Student: 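First the structure, then my questions, so here it is.
Numbering of ligands and ligand atoms starts at 1, following listing order. This structure is a prediction, so every number in the text was calculated from the model and none was measured. By convention here, the first residue in the shown sequence is residue 1.
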Amino acid sequence: MKKNIYYDKNIINVTRTYLPSLSKYVKYVERIFSSRWVTNNGPLVSELESRLKEFLGVKYIVLVSNGTLALQIAYKILELQRKVFTTPFSFVATTSSLVFNNHIPVFIDIESDTFLMDLNILENQITKTKIRAVVAVHVFGNPLDVERVDHLTKTYNLKVVYDASHCFGVEYKGNSILNYGDISTLSFHATKLFHTVEGGAIVTNGEELYNKAKLMTNFGIKGPDQIETLGINAKMNEFEAAMGLAVLDDINLILERREEIFYRYKKELSGYVEFQKLNPNITRYNYSYFPILLKSEDEVLCVMENLKANNIIPRRYFYPSLDTLEYLQNKKICKVSRNISSRILCLPIFPDLDKEMQIKTIEIIKKSVKR
Ligand SMILES: *Cc1c(COP(=O)(O)O)cnc(C)c1O
């Protein structure tokens, strides 16, 4: 029989989609089969929305079909101007969604230790330009200094979207990080910590923004014969919500296991590689990624090769730096982002990562970097 690499249990990828027990998923799916309500804001989507509101501690949430559409709808309902500040160090969707909506991304370079947008550069650029919107990212679930961003917002009348795709369950000073800015977006893609196969969410504190998001997600259709505004189809369906409900049932276990794996890496690899600078005194993390920073790109390639030889497949998140994207015009070179991007590697982290495999991963890295 031909080996299918996607199902090879011996290959350890950077992430593995969490699947709840089949019987649990089927229990939710049975409800869809008995109601025949498969999409269009059905009962499972409503149930997932209210359970997520409670779990995350947020006021309004609109579930959508993916995290990229969540961003695009956020830009639309906030009526962002053409030019928008953003970060070059993120998944491509943060920038591509801007370009897709006809915005011009203006990159603000990052800090070399937190990997977050450098707010000193941002403030400087705000005072030098008329740009009054920013799409910032809490990279790997590490929150930006949201209080400083709030201050900038008040001082300069800035609109703020946080791409919080990595922030499921992250708290800042005891409050959900999703409660900051005008809108925060989440991704529930299968590779994420919490997922609905494909999916995402728009989170806001404002009732008006919530109503706009809700309307835009469903073609702008208000009632049976009433089209109120321009919209798009970004609805989550009932099967996706069923997956979300089943995964949410297991969320505390998922978070606990990730924390354990995270701290094992941290303890064992300290002194061998550099880590992202975190702020655990004021943050509750979700341990969704384990990035390591190596000395050089050559060292990254060497570590990757040695891991691959043992069927362990890390990923270069985030690489390349988005200021190198071919389809952008007038790119500003972001030196720090390019540098970090060339030296970063995300190690396998997922709830059922085998302890022995993790230790093997650690040993290979230690040998490869020869400190
Ligand atoms: C995953 C991700 C997205 C895109 O989400 P999708 O649900 O895959 O569309 C956007 N931004 C960041 C930072 C992400 O990690």
Student: Below 3.5 Å only, please: the N or O atoms of ligand 1 paired with protein N or O atoms, distance on each line.
Tutor:
unit_1   : atom_1 : unit_2 : atom_2 : d
ligand 1 : 5 (O)  : S187   : OG     : 3.1
ligand 1 : 7 (O)  : G67    : N      : 2.8
ligand 1 : 7 (O)  : S187   : OG     : 2.7
ligand 1 : 9 (O)  : G67    : N      : 3.3
ligand 1 : 9 (O)  : T68    : N      : 2.9
ligand 1 : 9 (O)  : T68    : OG1    : 2.6
ligand 1 : 11 (N) : D163   : OD1    : 3.4
ligand 1 : 11 (N) : D163   : OD2    : 2.7
ligand 1 : 11 (N) : S165   : OG     : 3.3
ligand 1 : 15 (O) : H166   : NE2    : 2.8
ligand 1 : 15 (O) : K192   : NZ     : 3.1

Student: What residue pairs, at least two apart or across chains, pass side chain to side chain donor-acceptor pair (under 3.5 Å) with a residue in residues 175-193?
Tutor: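 Every pair satisfying side chain to side chain donor-acceptor pair (under 3.5 Å) with a residue in residues 175-193: N175-N179, H189-T191.
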Student: Decide whether N286 and S288 meet the rule of one side-chain donor and one side-chain acceptor closer than 3.5 Å.
Tutor: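 Indeed, the side chains of N286 and S288 share at least one donor-acceptor pair under 3.5 Å.
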Student: Name every donor-acceptor pair, under 3.5 Å, that has one atom in a side chain of residues 195-202 and the other anywhere in the protein, sequence neighbours excluded.
Tutor:
unit_1 : atom_1 : unit_2 : atom_2 : d
H195   : ND1    : V197   : N      : 3.0
H195   : NE2    : Y18    : O      : 2.7
T196   : OG1    : E198   : O      : 2.8

Student: Using a strict cut-off of less than 4.0 Å between a Lys/Arg side-chain nitrogen and an Asp/Glu carboxylate oxygen, indicate whether K173 and E147 qualify as a salt bridge.
Tutor: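 Result for this pair is yes, salt bridge flagged.
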Student: Quick one: list whatever passes side chain to side chain donor-acceptor pair (under 3.5 Å) with N120, sequence neighbours left out.
Tutor: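 Applying side chain to side chain donor-acceptor pair (under 3.5 Å) to N120 gives R148.
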Student: Would R338 and D323 pass as an ion pair if we require N to O under 4.0 Å?
Tutor: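 The answer is yes: the pair qualifies as a salt bridge.
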